[in-house]
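Some notes on the structure that comes next.
What you see is a predicted model, and the numbers here were worked out from it, not measured in a lab.
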Amino acid sequence: MTTVTPGTQTHVPDLYPTRGNAEVLTPRQDPVVWGAPDAPGPISPADLGSYERDGFLAVDQLITDDEVAVYRDELNRLVADPAVRADDRSIVEPKSKEIRSVFEVHRISEVFARLVRDERVVGRARQILGSDVYVHQSRINVKPGFGASGFYWHSDFETWHAEDGLPRMRAVSVSIALTENLDTNGGLMIMPGSHKTFLGCAGATPKDNYKKSLQMQDAGTPSDEGLTSLASEYGIKLFTGKAGSATWFDCNCMHGSGDNITPFPRSNVFIVFNSVENTAVEPFAAPVRRPEYIGARDFTPVR
């Protein structure tokens with residue numbers, strides 16, 4: 001594994017233009033799997049090939065039932081803590097005022113910090129990205145029943161490139177289910193294969209856009225025409241699974257989730273690993289960086 005010194009990148013080219021006057025499609029300029037196909041790790045060569053093709057990998061049981069109970073208890077503790085609710089890292093639902101997400105959970109909770117360091121988790125990230133990795137973002141997502149709002153269609157990389165300054169598509173996310181993911185309670189949807197085309201969105205980035213976008217996305221949202229074109233070409237996959245299952249997906253996958261109007265909550269822990277060879281520079285299409293609890297500037301490798 002290799003490491004780099006933070007802040008050493010200069011004059012990084014913009015391979016993925018976005019937030020201009022018009023929507024632009026750019027073919028992917030980067031590998032999907034950066035590591036060698038036969039590199040040792042938790043992912044089999046066949047599954048790596050599937051990830052390369054589709055942009056995602058589902059794991060039926062990443063953590064055990066007993067571990068799920070520990071992480072769910074910790075999620076509930078954080079959400080119920082008035083100090084956590086008052087922290088800027090907590091995002092609340094616009095209507096219900098219930099907590100929607102808590103960011104940087106690997107820093108405010110040793111329980112989730114241990115999960116980040118777990119070889120079943122970080123080992124897969126290293127294997128896909130072919131290097132040491134650091135946490136670009138972590139959060140718990142809480143989607144209680146009876147009306148919790150969803151996340152509209154987007155590519156994470158579009159935001160991380162435009163607003164956080166990630167230069168290349170060398171990041172991977174994992175969503176670990178802490179409650180059962182049903183086909184009715186607002187589960188994750190991905191367009192398989194969409195990771196190989198970058199959709200650069202139209203429209204400038206407002207200052208402090210994150211304050212609005214973390215509740216309801218606006219800047220960086222694809223057009224209806226663009227989404228229709230991608231969905232017609234790639235289709236849509238809905239992920240279901242029991243608590244303890246996980247979905248790994250490439251940073252450029254077009255994905256989203258619907259509202260949860262059922263009585264059954266859907267909660268997960270979400271971790272983004274970025275290669276230490278792809279550390280953030282200045283934003284490519286935003287006036288200022290987002291706060292570090294959303295887009296990390298500490299590039300220390302996970303150990």
Side-chain angles (χ1 to χ4, degrees), residues 9-32 34 55-56 91 103 129 136-137 139 150-173 188-234 236 249-257 270 272-275 277-297:
Q9 302 142 306
T10 57
H11 308 297
V12 178
D14 185 358
L15 300 180
Y16 300 103
T18 189
R19 312 283 175 102
N21 293 327
E23 201 168 66
V24 179
L25 293 176
T26 302
R28 187 186 185 106
Q29 307 294 302
D30 294 307
V32 177
W34 291 74
F56 59 80
I91 310 302
F103 281 80
L129 301 180
H136 175 69
Q137 185 185 103
R139 67 178 186 262
F151 292 83
Y152 196 67
W153 289 105
H154 63 286
S155 154
D156 286 329
F157 178 75
E158 193 280 335
T159 299
W160 300 338
H161 183 69
E163 301 186 38
D164 296 338
L166 292 198
R168 309 292 292 267
M169 294 181 181
R170 200 172 179 179
V172 62
S173 301
L188 175 68
M189 296 181 288
I190 290 178
M191 298 183 187
S194 60
H195 61 303
K196 295 192 176 180
T197 301
F198 177 73
L199 194 154
C201 298
T205 308
K207 185 179 179 181
D208 293 337
N209 178 58
Y210 73 94
K211 293 181 179 179
K212 178 180 179 182
S213 66
L214 295 177
Q215 293 181 328
M216 185 173 294
Q217 195 164 357
D218 186 9
T221 301
S223 69
D224 291 353
E225 294 77 14
L227 289 171
T228 299
S229 175
L230 290 176
S232 297
E233 181 173 357
Y234 298 118
I236 296 173
F249 58 102
D250 179 83
C251 58
N252 190 47
C253 281
M254 189 62 67
H255 66 286
S257 65
F270 181 80
V272 180
F273 293 100
N274 188 37
S275 169
E277 298 176 5
N278 188 46
T279 53
V281 294
E282 291 306 307
F284 285 89
V288 295
R289 304 172 182 175
R290 297 195 298 176
E292 291 193 26
Y293 63 82
I294 301 174
R297 295 280 161 170

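The salt bridge (charged side-chain N to carboxylate O under 4.0 Å, His left out) check on Glu282 picks up Arg289, with sequence neighbours excluded. Taking the ring pair (Phe, Tyr, Trp, His ring centres under 6.0 Å) definition, one finds that Phe198 meets it with Tyr16, Phe157, sequence neighbours left out.
Inter-residue side-chain proximity for Trp160 and Met169 is flagged as unmet; no heavy-atom pair is nearer than 4.5 Å. Counting heavy atoms from C-beta outward, Ser275 and Trp34 have side chains that stay 4.5 Å or more apart. At a threshold of 4.5 Å between non-hydrogen side-chain atoms, the residues Lys196 and Ser194 do not count as touching. By the 4.5 Å heavy-atom criterion applied to side chains, His255 and His154 are counted as neighbours. Counting only heavy atoms from C-beta outward, the side chains of Glu233 and Thr197 never approach each other to under 4.5 Å. Here the side chains of Leu199 and Ser155 are not in contact, with every heavy-atom distance at 4.5 Å or above. Between Phe249 and Leu188 the shortest side-chain heavy-atom distance falls below 4.5 Å. Within the 4.5 Å cutoff, no side-chain heavy atoms of His136 are placed close to those of Asp156.
A donor-acceptor pair under 3.5 Å links the side-chain atoms of Gln137 to the main chain of Ile294, judged by distance alone. The main-chain N or O of Val281 is found under 3.5 Å from a side-chain atom of Arg297 such that the two form a donor-acceptor pair. Gln29 contributes a side-chain N or O that, together with a main-chain N or O of Pro27, makes up a donor-acceptor pair within less than 3.5 Å. For Glu23 (side chain) and Ser223 (main-chain N/O), a donor-acceptor pair under 3.5 Å exists by modelled atom type.
Considering Thr221, Thr18, Asn252 as possible partners of Glu158, the one that fulfils the side-chain hydrogen bond (donor to acceptor under 3.5 Å, both in side chains) test is Thr18.
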